[in-house]
A.B. asks: 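Dumping the structure here so I can ask a few things about it.
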Amino acid sequence: MTEQKKSLQIAIDGPAGAGKSSVAKVLARRLGCIYLDTGAMYRAVTWLAMERQVAFDDMDGMKQLLDTLQLEFEEADGVQRLYCNGTDVTEAIRTPEISANVSAVSMIPLVREEMVAQQQKIAAGCDVLMDGRDIGTTVLPDAQYKFFLTASLAERARRRALELQQKGVEVDMEQLMQDIALRDKKDSSREVSPLKQAEDAECIDTSDLSFDEVVEKLFCKIKK
Ligand code: DC
């Protein structure tokens, strides 16, 4: 009988703006595995709740929304697009308004249960690299590689500002730092699967590393 090869699972967690998503995207491509941006999924639920005017504390409303939720990732011209119930929300989920509200939605146990279940279903049987807050602790506790990417608050704000400016969004640096610090606090202090470094994850401070250096560092660790 042939032994079945265990699929490759890589978990990258860390606070907002630590560069997880951009690093994860490139790394997944180099490794030839599926990339799943779990933050985008929480953002999409937030977008839908706001679009349908479902209050975040209306649990019946949230349940209804989750019961019919269909999230689909599609690759087009090298860009991963996210469709929420058939609507392309790729850009809509990146607005400051969604960023300001996503922590409130991602702390709802019902939402987390559904997202974690969907993420584990996607991961089943394929080589996958996921980034988020609870991947190493909750979604993929048996992942072969777990990384916790961090960077100083100032550096994370600088990177986020650059990203927003490239999209033509005006940035107030002070406000951005405050927003990120607040999101960190909310993400770390919620009761259900908070932002936390898994005990067996390797912490990498990227404050003084370039994007390419971070990618290379993780790639070498995995390939070794
Ligand atoms: O990575 P991001 O900034 O796009 O994530 C948006 C929010 O989603 C973040 O504030 C916390 C939440 N999130 C989460 O709770 N668990 C995850 N696995 C991924 C994101």
Side-chain angles (χ1 to χ4, degrees), residues 9-25 27-28 34-50 56 62 66 69 71 73 79-82 84 89-123 128-141 143 146-151 153 155-157 159-164 167 169 176-198 201 206:
Q9 294 187 337
I10 304 164
I12 302 185
D13 291 301
K20 300 181 302 289
S21 303
S22 348
V23 166
K25 252 177 245 164
L27 197 57
I34 290 178
Y35 164 58
L36 190 67
D37 175 355
T38 62
M41 297 171 73
Y42 289 96
R43 285 172 179 272
V45 177
T46 309
W47 174 85
L48 191 61
M50 292 171 78
F56 302 156
M62 289 304 284
L66 290 168
L69 176 73
L71 293 179
F73 285 95
V79 178
Q80 199 173 61
R81 306 204 71 82
L82 177 58
C84 179
V89 294
T90 316
E91 278 84 30
I93 60 170
R94 301 288 161 194
T95 61
E97 205 188 356
I98 298 291
S99 298
N101 286 288
V102 65
S103 289
V105 171
S106 57
M107 69 195 283
I108 302 170
L110 209 63
V111 172
R112 298 211 72 81
E113 253 170 55
E114 179 61 29
M115 291 299 100
V116 170
Q118 288 203 13
Q119 289 153 14
Q120 289 176 333
K121 204 167 148 198
I122 296 170
V128 70
L129 188 160
M130 282 193 200
D131 79 325
R133 304 294 189 284
D134 61 339
I135 310 303
T137 54
T138 308
V139 183
L140 303 176
K146 296 183 185 179
F147 300 104
F148 193 81
L149 294 194
T150 61
L153 178 61
E155 176 58 18
R156 288 188 286 131
R159 292 177 190 169
R160 209 17 87 83
L162 214 67
E163 230 174 75
L164 290 168
K167 289 181 195 154
V169 180
L176 193 59
M177 293 241 285
Q178 278 179 27
D179 292 349
I180 294 180
L182 182 67
R183 196 136 69 88
D184 284 355
K185 191 160 167 246
K186 285 187 190 159
D187 291 345
S188 312
S189 59
R190 68 171 175 240
E191 271 177 38
V192 191
S193 46
L195 162 65
K196 200 172 146 223
Q197 181 180 338
T206 69

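We count ligands from 1, going down the list as the structure has it; atoms in each ligand are counted the same way.
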A.B. asks: Taking R183 for its side chain and A100 for its backbone only, find out whether a donor-acceptor pair lies under 3.5 Å.
C.D. replies: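 Between the backbone of A100 and the side chain of R183 there is no qualifying donor-acceptor contact (under 3.5 Å).
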A.B. asks: Within the distance-only criterion (no hydrogens, no angle test), does the side chain of R81 pair as donor or acceptor with the backbone N or O of T90 below 3.5 angstrom?
C.D. replies: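 The answer is no, because no donor-acceptor pair under 3.5 Å joins these two groups.
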A.B. asks: Among D187, N101, V102, V105, which one puts a heavy atom closest to atom 11 (C) of ligand 1?
C.D. replies: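 Shortest heavy-atom distance from atom 11 (C) of ligand 1: D187.
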A.B. asks: Any idea which protein heavy atom is nearest atom 20 (C) of ligand 1, and the distance to it?
C.D. replies: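 The closest heavy atom on the protein side is G39 CA, 3.5 Å.
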A.B. asks: I need the atoms of ligand 1 closer than 4.0 Å to a non-hydrogen atom of R94, numbered in the order shown.
C.D. replies: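 So the atoms of ligand 1 that pass are 4 (O).
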A.B. asks: Heavy atoms only, cut-off 4.0 Å: how does M130 contact ligand 1, side chain, backbone, both, or neither?
C.D. replies: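 The answer is neither.
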A.B. asks: Would E155 and R159 pass as an ion pair if we require N to O under 4.0 Å?
C.D. replies: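 Between R159 and E155 there is a salt bridge, with a charged N closer than 4.0 Å to a carboxylate O.
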A.B. asks: With heavy atoms only and a cut-off of under 4.0 Å, state how R183 meets ligand 1: side chain, backbone, both or neither.
C.D. replies: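 Only the side chain of R183 comes within reach of ligand 1.
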A.B. asks: How far is atom 12 (C) of ligand 1 from the closest protein heavy atom, and which atom is that?
C.D. replies: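 Heavy-atom neighbour on the protein nearest atom 12 (C) of ligand 1: S106 OG, 3.6 Å.
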A.B. asks: Side-chain contact, heavy-atom cut-off 4.5 Å: V128 with L140?
C.D. replies: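 V128 reaches L140 side chain to side chain.
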A.B. asks: Counting only heavy atoms closer than 4.0 Å, does ligand 1 sit against the backbone of R112, its side chain, both, or neither?
C.D. replies: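 It is the side chain that touches ligand 1; the backbone stays farther off.
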A.B. asks: Going by an N to O cut-off under 4.0 Å, is there a salt bridge joining R94 and E91?
C.D. replies: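 Result for this pair is no, no salt bridge flagged.
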A.B. asks: Regarding R160 and D179, does a basic nitrogen lie under 4.0 Å from an acidic carboxylate oxygen?
C.D. replies: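 No, this pair does not count.
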A.B. asks: With a cut-off of 4.0 Å, which atoms of ligand 1 are near a heavy atom of S103?
C.D. replies: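 Heavy-atom distances to S103 below 4.0 Å select 10 (O).
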A.B. asks: Is it the case that the side chain of D131 and the backbone of I12 share a donor-acceptor pair, with hydrogens and angles ignored and the cut-off at 3.5 Å?
C.D. replies: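 It does not hold such a pair.
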A.B. asks: Verify, without hydrogens or angle tests, whether Q80 (side chain) and Y35 (backbone) share a donor-acceptor contact under 3.5 angstrom.
C.D. replies: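 Flag set: sc Q80 to bb Y35 pair under 3.5 Å.
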A.B. asks: For M41, state whether at least one heavy atom is located under 4.0 Å from any atom of ligand 1.
C.D. replies: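 In this structure, M41 fails to qualify as a contact of ligand 1 - no heavy atom is under 4.0 Å.
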A.B. asks: Would you say M41 and L36 make side-chain contact, with heavy atoms under 4.5 Å?
C.D. replies: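 In short, these two side chains touch, coming nearer than 4.5 Å.
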A.B. asks: Check each of R43, Q119, R133 against atom 1 (O) of ligand 1 and report the one with the nearest heavy atom.
C.D. replies: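 When every heavy atom of R43, Q119, R133 is considered, R133 comes closest to atom 1 (O) of ligand 1.
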A.B. asks: Mark up the atoms of ligand 1 that fall under 4.0 Å of a heavy atom belonging to G132, in ascending order.
C.D. replies: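 Those of ligand 1 that fall under 4.0 Å from G132 are 17 (C), 18 (N), 19 (C).
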A.B. asks: Among all protein heavy atoms in this structure, tell me which lies nearest to atom 19 (C) of ligand 1, with the distance rounded to 0.1 Å.
C.D. replies: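 In this structure, atom 19 (C) of ligand 1 has T38 OG1, 3.3 Å as its nearest protein heavy atom.
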A.B. asks: Provide, to 0.1 Å, the distance between atom 18 (N) of ligand 1 and the closest protein heavy atom, together with that atom's residue and name.
C.D. replies: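 Of every protein heavy atom, D134 OD1, 2.8 Å lies nearest to atom 18 (N) of ligand 1.
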